[in-house]
Trainee: 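Pasting a structure here, questions to come.
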Amino acid sequence: MNSTTRIKLSFMMFLEFFIWGAWFVTLGTFLATNLKASGPETGSVFSTQSWGAIIAPFIIGLIADRYFNAEKILGVLHIVGAILMYQMYNATDIAVFYPYVLGYMILYMPTLALVNSVSFNQMQDPEKEFSTIRIWGTLGWIAAGLLISYFFHWDSQENTTAGLLRNTFLMAGIASLVLGLFSFMLPKTPPKVAKGEKVTVSDILGLDALKLLKDKNFLIFFVSSILICIPLAFYYQNANLFLSKIGVDNPTGKMTIGQASEVIFLLFIPIFFKKFGFKKTILVGMLAWAVRYILFAYGNAGELSFMLLIGIALHGICYDFFFVSGQIYTNSKAGERFKSSAQGLITLATYGIGMLIGFMVAGQITEMYKVGGEENWKMIWIIPAGIAFVVFILFAVLFNDKTKPEATA
């Protein structure tokens, strides 16, 4: 890969995740303060990510992979996405806002696969080259959070009350338009599926990999993956709102500690795999969810603020040790024939079904423990901590796979 191509792909990845981080992290706070959304309404808005994840394979499998170059459809989706972002910026009511965010997420989620497709198409050795490109995505997400907190100060208590968080959609929309136009300058990535070749719904959704569920241990892992996404949804939906309401300064900027820890702990996964095996590695990830929510439940913005920062920093263990480890395990169990379909099935189970359930549960629990417009944050965090701990116990007792997946990314 030449340096020009590397710069283009890095910039593409930076903008791809800058866009997502620019509005999604503060979404819960925006909905509560600007649109006065209830818990269930907030859950419905966040669940659009899950609907996007469920619908995305059809867009990729039936359109992008068959008829159009990946970089062209990436450009079109982001340009249309910029228009929807502008509509979200102007929305003043949850009923007006919801159709736009639903449409946006249906268009955005497929782009996550498209940027990977464009990148892989230019690589001779993806295992070595992709991480150096993908890391720019994490840096893009971090940059968005730092801009919101430390440059624009949109998430300060004063500016949040004044409604300035709506500007995050304008920033994301501008970045989306830039990436949309820039996409047409990316290296050509022609359709993967030959003309006339049939693509079935089973292929698209990874249903061929369902036969892996006949393996008791993989079935336990599969169900656990869905269940652990319930406490995960609490973090995405409530963390920024929680930090803002209890008076933490620059909450969005501080939450970028989580993305930084993702990069760091990703390096430890091969070490853990080699020394402790898959089961213990993934159990550490599950337990980290319970620990982080206990820290949130009992921490505060004053002398116990260090508990909140540790909870945020645990995101690297929570995400990497479970999700990345799970992808490696799935890859090892699937075999050559079902590798792609198995990864598609796990993605559908987690970001689709699991997160959909999770956002609904999080919305209901948040509303249940709200009195006089004020949330009982201790209970709101203890409940997902309990769910994560139950999943931890079930997996520890029921999962008993002695095989050792190869710890390669």
Side-chain angles (χ1 to χ4, degrees), residues 21 24-29 46 138 141-142 145 224-248 250-269 272 280-326 350-351 354-355 357-359 361-363 365-366 369 375-396:
F24 196 72
V25 175
T26 57
L27 179 60
T29 307
F46 272 92
T138 302
W141 186 293
I142 292 172
S224 299
S225 296
I226 294 174
L227 294 178
I228 204 67
C229 283
I230 297 175
L232 170 61
F234 277 79
Y235 181 76
Y236 286 142
Q237 186 167 315
N238 285 332
N240 190 267
L241 176 63
F242 161 66
L243 296 173
S244 297
K245 284 211 166 186
I246 67 172
V248 173
N250 305 309
T252 312
K254 286 185 171 66
M255 285 182 69
T256 62
I257 295 171
Q259 277 62 52
S261 73
E262 265 190 59
V263 176
I264 295 170
F265 283 108
L266 192 60
L267 302 175
F268 286 94
I269 286 181
F272 263 75
K280 290 181 180 177
T281 301
I282 207 166
L283 282 173
V284 169
M286 290 178 173
L287 188 60
W289 284 108
V291 172
R292 101 181 306 186
Y293 289 148
I294 292 297
L295 290 169
F296 281 179
Y298 291 97
N300 59 44
E303 60 185 20
L304 297 180
S305 60
F306 71 92
M307 295 174 67
L308 304 180
L309 296 179
I310 293 172
I312 295 170
L314 281 174
H315 186 69
I317 298 178
C318 293
Y319 188 87
D320 293 337
F321 278 43
F322 186 88
F323 286 96
V324 178
S325 297
T350 52
Y351 285 97
M355 294 289 280
I357 298 170
F359 285 130
V361 171
I365 294 297
T366 303
Y369 288 97
E375 295 85 355
N376 181 349
W377 287 114
K378 182 174 289 186
M379 287 305 301
I380 290 172
W381 291 124
I382 286 176
I383 289 173
I387 296 172
F389 189 69
V390 169
V391 178
F392 169 84
I393 295 297
L394 291 174
F395 191 82

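What you see is a predicted model; the values in this text were computed from it and never measured. Numbering of residues begins at 1 and proceeds along the displayed sequence.
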Trainee: Nearest 0.5 Å, please: how far is OG1 in T366 from CG in N238?
Mentor: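 Answer rounded to 0.5 Å: 3.5 Å.
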Trainee: According to side chain to side chain donor-acceptor pair (under 3.5 Å), does anything in residues 288-299 pair up with another residue at least two apart or in another chain? List the pairs.
Mentor: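 Output for this query lists R292-H315.
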Trainee: Going by side-chain hydrogen bond (donor to acceptor under 3.5 Å, both in side chains), name the residues that satisfy it together with Y351, two or more places apart in sequence or in a different chain.
Mentor: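 By the side-chain hydrogen bond (donor to acceptor under 3.5 Å, both in side chains) rule, Y351 matches Y319.
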Trainee: Applying side-chain contact (heavy atoms from CB on, under 4.5 Å), name anything that partners I257, two or more places apart in sequence or on another chain.
Mentor: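 Here the qualifying residues are L309, I312, A313.
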Trainee: Please identify each residue that fulfils ring pair (Phe, Tyr, Trp, His ring centres under 6.0 Å) with F395, with sequence neighbours left out.
Mentor: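 Only F399 meet the ring pair (Phe, Tyr, Trp, His ring centres under 6.0 Å) criterion with F395.
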Trainee: Name the atoms and distances for all side-chain donor-acceptor pairs under 3.5 Å in residues 241-248, with sequence neighbours left out.
Mentor:
unit_1, atom_1, unit_2, atom_2, d
S244, OG, N240, O, 2.9
K245, NZ, E375, OE1, 3.2
K245, NZ, E375, OE2, 3.3

Trainee: Considering only distance and modelled atom types, tabulate donor-acceptor pairs under 3.5 Å from the side chains of residues 382-394, sequence neighbours left out.
Mentor:
none

Trainee: Tell me which pairs pass side chain to side chain donor-acceptor pair (under 3.5 Å) where either residue lies in residues 376-393, with sequence neighbours left out.
Mentor: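 Output for this query is empty, none listed.
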Trainee: Salt bridge (Lys or Arg N to Asp or Glu O under 4.0 Å): which pairs involve residues 295-322, sequence neighbours left out?
Mentor: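 Every candidate salt bridge (Lys or Arg N to Asp or Glu O under 4.0 Å) pair involving residues 295-322 fails, so no pair, neighbours aside, qualifies.
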Trainee: List the residues meeting side-chain contact (heavy atoms from CB on, under 4.5 Å) with T256, not counting sequence neighbours, and say none if there are none.
Mentor: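 Residues passing side-chain contact (heavy atoms from CB on, under 4.5 Å) with T256: I142, L146.
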Trainee: Under the rule for ring pair (Phe, Tyr, Trp, His ring centres under 6.0 Å), what residues qualify as partners of F234, not counting sequence neighbours?
Mentor: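 Residues passing ring pair (Phe, Tyr, Trp, His ring centres under 6.0 Å) with F234: none at all.
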Trainee: Restricting to salt bridge (charged side-chain N to carboxylate O under 4.0 Å, His left out), what partner residues turn up for K254, sequence neighbours left out?
Mentor: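 Testing K254 for salt bridge (charged side-chain N to carboxylate O under 4.0 Å, His left out), a comparison that skips the adjacent residues, returns none.
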Trainee: Quick one: list whatever passes side-chain hydrogen bond (donor to acceptor under 3.5 Å, both in side chains) with S305, sequence neighbours left out.
Mentor: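 S305 satisfies side-chain hydrogen bond (donor to acceptor under 3.5 Å, both in side chains) with no residue once adjacent residues are dropped.
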